[in-house]
Amino acid sequence: MSSDVRFTDFKSDKQPTWCPGCGDFGTMNGMMKALAETGNDPDNTFVVAGIGCSGKIGTYMHSYALHGVHGRALPVGTGVKMARPDIEVMVAGGDGDGYSIGAGHFVHAVRRNVDMSYVVMDNRIYGLTKGQASPTSRSDFETSTTPEGPKQPPVNPLALALASGASFIAQSFASDALRHQEIIQEAIEHDGFGFVNVFSPCVTFNDVDTYDYFRDNLVDLQDEGHDPNDYEAAKEVILDSDKEYQGVMYQDENSVPYHEKHGVTEDMSEIPDGAPDDAMDLVREFY
Amino acid sequence: MAEDLNWAVGGEAGDGIDSTGKIFAQALARAGRHVFTSKDFASRIRGGYTAYKIRTSVEEVQSVVDRLDILVALTQRTIDENLDELHDGSAIIYDGERSWEAEIPDEMTAVDVPLKSLAEDAGGAIMRNIVALGAACEITDFDVEYLDEALEKRFGGKGSQIVENNKEAARLGQEYVAENYDLDHLGYSVETTDNDYVLLNGNEAIGMGAIAAGCRFYAGYPITPATSIMEYLTGRIEDYGGHVVQAEDELSAINMALGGARAGARAMTATSGAGIDLMTETFGLVATSETPLVIADVQRSGPSTGMPTKQEQGDLNMALYGGHGEVPRFVITPTSITECFWKTVEAFNLAEKYQTPVFLVSDLAMSVTEQTFPPEAFDMDDVEIDRGKLVDDDEEVDEWLDAQGHFRAHAVTDDGVSPRAIPGTADGAHMSTGLEHDELGRRTEDQDERVQQVDKRYRKVETAQEQEDWDYREFGDEDADNLIISWGSNEGALVEALEYLEEDGIDVRVISVPYIFPRPDLSEEIEAADDVIVVECNATGQFADLIEHDVLTRVKRINKYTGVRFKADELAEQITEQLSAEVPA
Ligand SMILES: Cc1ncc(C[n+]2csc(CCOP(=O)(O)OP(=O)(O)O)c2C)c(N)n1
Ligand code: SF4
């Protein structure tokens, strides 16, 4: 790990094809800066991306990376971390990717508490498929597939995480660059599953959850004197559907990441040239 | 033919049938006898008939037969279900004191043993099956010391008192029969030898092969009959620095395994039935991201939930063609329990050498059948590891950087195989994706690059076709006019069927194929034969279709899809029948 890593080292030379003004630009910049700031470099970092406009992030960043199938990024990240506890793992995707098709994996990744960070670019819409309702869309939000709105309440991803036993729950806003970066950094540094829901506006398909909307409504928990180690206080802000918060809502101080709990500490990429020395014992067991 | 003894214990699921059978099988193996076991079980945990059958001989046995000499019956149903296989000389051990009145045909020998009360005398009713084993020892003139050894192995971990009680239970059963019955006229005795055999099933062999081959990460979701691979690895792989994750579903399992593999570990997942369908989504990703991954499919009877506890070889087409788009993959089908071990080792090597998914297609019959082998059959010194083009030091990586210093993880090469850098390798950072991509792994829709990458991925198969031995195993008379072709677990029954056919003066050549893709070219063998019969446990003849496609000629087929594996005598009969039948038009 070299100390002279700059955040631009995490940038690939592919030009993003995101719409000008898309929140994902800010989200990505914060991720790259946070990775560099926490002492990582592209050769020891693995980024797993989902599918969606958000998932393209893996293409625009430079590191070891896998851009997989829709909704399954978290299991891939889990596998990478199991095999290589020495590698920094970051998983990224959208609200559809994470809370719809991947919702099952989300719940279980959270409860496993694998030591990785998970950044969800929540634009409350399906961007890549051109504007259908997502699980975080408001119940009256009109889209091509829900002309009268989804008529069902949105998922509260923070509450879902809390109920699944999360050890770190945070929310940030792509355009509040400094705070966003800080929060991602905290997620990376957290010993366990660092979950950050990022308000990352879609300027093309969502004219409700806009930059202006978030700017006007965002409440920073730091300003409120919120104590993230206080579970009850966390519960209150997470379940408060009247306000949009940013900051670290909850952090379990005693969090023990999966690999430590299960003694998964070896670099599994190194194996003997032949069968292990004592492998005949495996056969003798069947006597 | 070997002097066999065929023994079974049957009752309700939950009666401890499995462990009773296993203890007896282990005792026989310890006595240096060959053992072949089979299980009849229903898809429920409690209730429902279940039986554990053992065929044992001093000579090698590798198939089930329609014959039962000694039956431990815990229920009437056990007797009814096996009437076909029982014969005049069969002895049936049962407990007349229990609430059921056994209806046993007069020709057979009823051995009424108060299993429950003798077990209680020894320390607990739960040991009534062990009392029955003692009784069986007496009938077969089999030294109970071997049973004692098996009991020590089984219960040793639970303390010496438990072991002693079980030994006592066996002794009481033995004595009871000795005192109350004279069964010498039945003529049963089991000869012992000095041989040391190990007794294991196909799934255990796959798990053992995986550890031997350096697999350190396994992710899976429980499903019959694949689960026992995960159960084997859990608790053992940790000793080698590995780990097993029970994922939330198969979509997750295969993606976790993929993550482990991309991180540089030898990784694996295994499933069956519906699970393989769920994994199909990710096959293409494994192939296009060029990730070395071993995916085992322990076939069970389908479609849909089908018959989860029954045998079938119905997933061949799925393994070959499953998934959207066209993706190269290797499909390997072990033909015996030892092959389950060796082909697993080979699967890991092929996966890494060609950076591609490898399907290891086994089946239920192999997974639940235990068989004895000399330990040398699994000689760990013969395990070779080939990690392929894994680049690590700076120099190797440098060779594969483009002018801008980017690592060409999907470089287009003559043999189709690119260098592989795993996380932590300096300057090796790169992206891989399920999207069509260029040499750097970045998305492309450029027509030339698309064609280059598709061709490159298929070129790996061509290279492998040239460089590896896609051979087959052969039995019987090499010059015979009759050729039988089989894949997967049918081999053992076929080998034994040869003996029956020989008695009838019919010569056959048997070819048992462990590779479906790529597969050996059998055109010469087929041309040289008059009659060609393909044997498989499915209704449509999926392998026969492939063979016909390869050689452009019709073949005869023997298909069984009852849910039960082939038996040697039954196969011999069907082969004889087919030999005189017309070739399909
Ligand atoms: C199995 C599967 N189903 C559907 C799709 C099509 N699809 C691609 S992205 C997407 C939704 C993405 O929404 P979100 O995760 O919110 O990301 P965004 O594009 O808004 O960043 C869908 C449905 C797919 N790629 N795979
Ligand atoms: S469609 Fe929306 S989410 Fe996608 S790139 Fe454009 S602005 Fe961003």
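Below, chain A is the first sequence line, B the second, and so on; all start at residue 1.
Proximity to chain B (any heavy atom under 4.5 Å) is restricted, for A:Phe46, to the side chain, taken from C-beta onward. Within the 4.5 angstrom heavy-atom criterion, only backbone atoms of B:Val244 (N, CA, C, O) approach chain A. Looking at A:His105, both its backbone and its side chain come within 4.5 Å of chain B, counting heavy atoms on both sides. Using a 4.5 Å cut-off between heavy atoms, A:His259 makes no contact with chain B at all. Contacts between B:Tyr218 and chain A at a heavy-atom distance below 4.5 Å are absent for every atom of the residue. In this structure, the portions of A:Val69 lying under 4.5 Å from any heavy atom of chain B include both its backbone and its side chain. Interface remark: A:Ile87 contributes side-chain atoms only to the contact with chain B (heavy atom separation under 4.5 Å). Residue A:Thr265 does not touch chain B at all, counting heavy-atom pairs closer than 4.5 Å. Both the backbone and the side chain of B:Ala421 have a heavy atom closer than 4.5 Å to some heavy atom of chain A. Only the side chain of B:Leu285 comes within contact range of chain A, with at least one heavy atom under 4.5 Å from a heavy atom of that chain. Both the backbone and the side chain of B:Asp427 have a heavy atom closer than 4.5 Å to some heavy atom of chain A.
The main-chain N or O of B:Glu370 is found under 3.5 Å from a side-chain atom of B:Thr37 such that the two form a donor-acceptor pair. Panel note: side chain A:Thr38, backbone A:Gln185; no donor-acceptor pair is recorded below 3.5 Å. Between the A:Ser117 side chain and the A:Ile188 main chain, no donor and acceptor come within less than 3.5 Å of each other. A donor-acceptor contact shorter than 3.5 Å links the side chain of B:Asn349 to the backbone of B:Asp386. For A:Asn44 (side chain) and A:Asp41 (main-chain N/O), a donor-acceptor pair under 3.5 Å exists by modelled atom type.
Ring geometry for A:Phe106 versus A:Tyr118: interplanar angle of 30 to 60°, hence tilted. In this pair, A:Tyr258 and B:His243 present their aromatic rings perpendicular. The plane angle is above 60°, beyond the 30 to 60° band. Using cut-offs of 30° and 60° on the angle between ring planes, the pair A:Phe25 and A:Trp18 is perpendicular. By the 30° and 60° cut-offs, the orientation of the rings of B:Phe373 relative to B:Phe378 is perpendicular.
When all heavy atoms are compared, the tightest approach of A:Gly104 to A:His108 is O-CD2, 2.9 Å. Across B:Ala213 and B:Phe348, no two heavy atoms sit closer than the pair CB-CD1, 3.8 Å.
Paired with B:Arg262 under the rule side chain to side chain contact (heavy atoms under 4.5 Å, CB included), one option of A:Val76, A:Val48, A:Leu66 passes, and it is A:Leu66.
The candidate with the highest count of non-hydrogen atom pairs below 4.5 Å against chain A, out of B:Pro423, B:Gly264, B:Ala263, B:Ala247, is B:Pro423. Counting heavy-atom pairs closer than 4.5 Å to chain B, the top-ranked of the candidates A:Ala83, A:Pro276, A:Ser269 is A:Ser269. When each of B:Glu384, B:Glu149, B:Glu204, B:Arg443 is scored by its heavy-atom pairs under 4.5 Å with chain A, the top score falls to B:Glu204. Per-residue heavy-atom pair counts under 4.5 Å with chain A were compared for B:Arg266, B:Gln26, B:Arg387, B:His437, and the maximum is reached by B:Arg387. When B:Gly241, B:Gly434, B:Ser289, B:Gly441 are compared by the number of non-hydrogen pairs under 4.5 Å with chain A, B:Gly241 comes out ahead. Heavy-atom pairs under 4.5 Å with chain A peak, among B:Arg30, B:Glu238, B:Glu281, at B:Glu281. Among the candidates A:Thr45, A:Asp278, A:Val89, A:Ile51, the residue making the largest number of heavy-atom pairs closer than 4.5 Å to chain B is A:Asp278. Options A:Thr59, A:Thr78, A:Asp273 differ in how many heavy-atom pairs under 4.5 Å they form with chain B, and the most are formed by A:Asp273. Looking only at heavy-atom pairs under 4.5 Å with chain B, the residue among A:Gly58, A:Gly102, A:Ala109, A:Ser63 that has the most is A:Ser63. Top candidate by heavy-atom pairs under 4.5 Å with chain B, chosen from A:Lys56, A:Glu266, A:His70, is A:Glu266. In terms of non-hydrogen atom pairs under 4.5 Å with chain B, the most contact-rich of A:Tyr64, A:Tyr287, A:Phe286 is A:Tyr64. Put simply, of B:Arg216, B:Met431, B:Glu248, the one with the most heavy-atom pairs under 4.5 Å next to chain A is B:Glu248.
The residues B:Arg442 and A:Asp13 are annotated as salt-bridged, a charged nitrogen and a carboxylate oxygen being separated by less than 4.0 angstrom.
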Please test A:Val283 against B:Met380 for side-chain contact (heavy atoms from CB on, under 4.5 Å), starting from the C-alpha separation and ending with a verdict. CA-CA 9 Å; A:Val283 184; B:Met380 295 289 176; 3.7 Å; yes
